[in-house]
Enquirer: 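First, the structure itself, so that you have it in front of you.
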Amino acid sequence: MRLVEVQGRDRALCILYGLSAVIGLGIMGTMAVAFVVQNADAGFLGVMENFLRDATSNLATQFVYADLVLVWAALGAYMIVEGRRHGIRHVWAYIVGAPVIALIVTYGLFMLVRQLKIAAARDTGGPPSAGHPVRPVTVRAAP
């Protein structure tokens, strides 16, 4: 399903997720370019080394960096579960892309694709879990 075909609440959520990805890309991209320009004389590996050093140079930056890594891991697990539930392909790219681009960008894009899948399933009358059908659970009584 395409965004132009989505209506109502689904459209509003798609726009919200898309805007968060675009705004995040603008902000984080600007910051990344500024850091690279400031450290350009160090070369590619030097830029990476300087970034990791600066990101872990004191307790405050270690706190923020560790929190970001933990959020990334939790969201990665969520994206895997939701990706399977809704039949979203290439979920690994959203997870691996987060440290390369920015978590706000890849998560916003994932949520946008997820909402499009939900809207498409609703419009076709299919279950929201189009990726993997729910299997009934059989419960046996104890003798």
Side-chain angles (χ1 to χ4, degrees), residues 1-140:
M1 176 170 267
R2 301 171 82 153
L3 183 58
V4 295
E5 301 167 358
V6 179
Q7 300 297 320
R9 180 176 179 260
D10 291 322
R11 183 175 182 82
L13 286 172
C14 286
I15 290 170
L16 173 69
Y17 298 141
L19 282 175
S20 71
V22 169
I23 291 168
L25 181 62
I27 292 170
M28 301 310 289
T30 301
M31 293 173 73
V33 167
F35 187 85
V36 169
V37 167
Q38 186 178 25
N39 292 274
D41 59 334
F44 177 75
L45 292 178
V47 169
M48 299 303 296
E49 183 180 330
N50 291 348
F51 179 82
L52 291 173
R53 184 196 63 235
D54 291 353
T56 58
S57 63
N58 61 53
L59 288 177
T61 58
Q62 289 173 12
F63 175 86
V64 172
Y65 198 70
D67 189 47
L68 180 61
V69 169
L70 293 172
V71 167
W72 174 50
L75 289 178
Y78 172 76
M79 287 190 277
I80 290 169
V81 169
E82 286 295 291
R84 288 181 179 170
R85 178 179 296 154
H86 298 290
I88 300 171
R89 298 175 55 179
H90 309 296
V91 173
W92 64 268
Y94 298 103
I95 297 168
V96 172
V100 175
I101 302 171
L103 182 58
I104 185 62
V105 177
T106 60
Y107 184 68
L109 290 175
F110 173 82
M111 292 300 288
L112 172 63
V113 170
R114 177 183 171 271
Q115 198 62 41
L116 289 171
K117 291 281 190 173
I118 290 170
R122 188 177 299 120
D123 285 353
T124 61
S129 58
H132 291 277
V134 177
R135 294 187 179 113
V137 176
T138 305
V139 178
R140 297 181 189 203

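The figures here come from the full heavy-atom set of this structure, side chains too, leaving out hydrogens, waters and symmetry mates. Just so we're clear, the structure is a prediction, and the values are computed from it rather than from any experiment. All residue numbers in this chain count up from 1 along the given sequence.
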Enquirer: Looking only at non-hydrogen atoms, find the nearest pair between Ser20 and Gly108 and report the distance.
Expert: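 Here Ser20 and Gly108 meet closest at OG-CA, 3.9 Å.
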Enquirer: Within a strict 4.5 Å, meaning less than it, do heavy atoms of the Ile88 and Glu82 side chains meet?
Expert: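 No, their side chains stay 4.5 Å or more apart.
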Enquirer: Which atom pair, heavy atoms only, marks the closest approach of Tyr94 to Arg89?
Expert: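 Looking at all heavy atoms of both residues, the shortest contact is CE1-O, 4.2 Å.
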Enquirer: Specify the closest pair of heavy atoms between Leu103 and Trp72, including all atoms of both residues, with the distance to one decimal.
Expert: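 Taking Leu103 first and Trp72 second, the nearest heavy atoms are CD1-CD1, 3.9 Å.
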Enquirer: In Å, rounded to the nearest 0.5 Å, how long is the span from CD of Glu5 to CG of Asp10?
Expert: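 CG of Asp10 is found 12.5 Å from CD of Glu5.
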Enquirer: With rounding to the nearest 0.5 Å, note down the distance linking CZ in Phe110 to CE in Met79.
Expert: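 Atom-to-atom, Phe110:CZ and Met79:CE are 6.5 Å apart.
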Enquirer: Just wondering, do Leu109 and Thr106 contact through their side chains at under 4.5 Å, heavy atoms?
Expert: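 SC-SC contact between Thr106 and Leu109 ruled out.
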Enquirer: Ignoring hydrogens and geometry, is there a side-chain-to-backbone donor-acceptor pair from Trp92 to Ile80 under 3.5 Å?
Expert: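 Not a single qualifying donor-acceptor pair exists.
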Enquirer: Quick one: CG on Asp67 to CD on Gln62, what's the gap to the nearest 0.5 Å?
Expert: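 Taking CG in Asp67 and CD in Gln62, the distance rounds to 13.5 Å.
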Enquirer: Distance from Gln115 atom CD to Arg122 atom CZ, nearest 0.5 Å?
Expert: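 It comes to 7.0 Å.
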Enquirer: Closest heavy-atom contact between His86 and Lys117?
Expert: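 Reported closest heavy-atom pair: O-CD, 3.6 Å.
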Enquirer: Say you draw a straight line from OH of Tyr78 to OH of Tyr107; how long is it, rounded to the nearest 0.5 Å?
Expert: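 Rounded to the nearest 0.5 Å, the OH-OH separation comes to 5.0 Å.
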Enquirer: Without placing hydrogens or testing angles, list every side-chain donor-acceptor pair under 3.5 Å for residues 23-48, not counting sequence neighbours.
Expert:
{"residue": "Thr30", "atom": "OG1", "partner": "Gly26", "partner atom": "O", "Å": "2.6"}
{"residue": "Asn39", "atom": "OD1", "partner": "Asn50", "partner atom": "ND2", "Å": "2.9"}
{"residue": "Asn39", "atom": "ND2", "partner": "Phe35", "partner atom": "O", "Å": "2.9"}

Enquirer: Would you give the length of the straight line joining atom CG of Leu16 to atom CZ of Arg11, rounded to the nearest 0.5 angstrom?
Expert: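 If I round to the nearest 0.5 Å, the distance is 13.5 Å.
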Enquirer: Does Arg9 have more than 12 heavy atoms from other residues, nucleotides or ligands lying within 6.0 Å of its CZ?
Expert: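 Counting neighbours around CZ of Arg9, 12 or fewer heavy atoms of other residues, nucleotides or ligands fall under 6.0 Å, so no.
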Enquirer: Can you give me the closest heavy-atom contact between Ala60 and Asn58, atom names plus distance?
Expert: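 Scanning both residues, the minimum pair turns out to be N-OD1, 2.9 Å.
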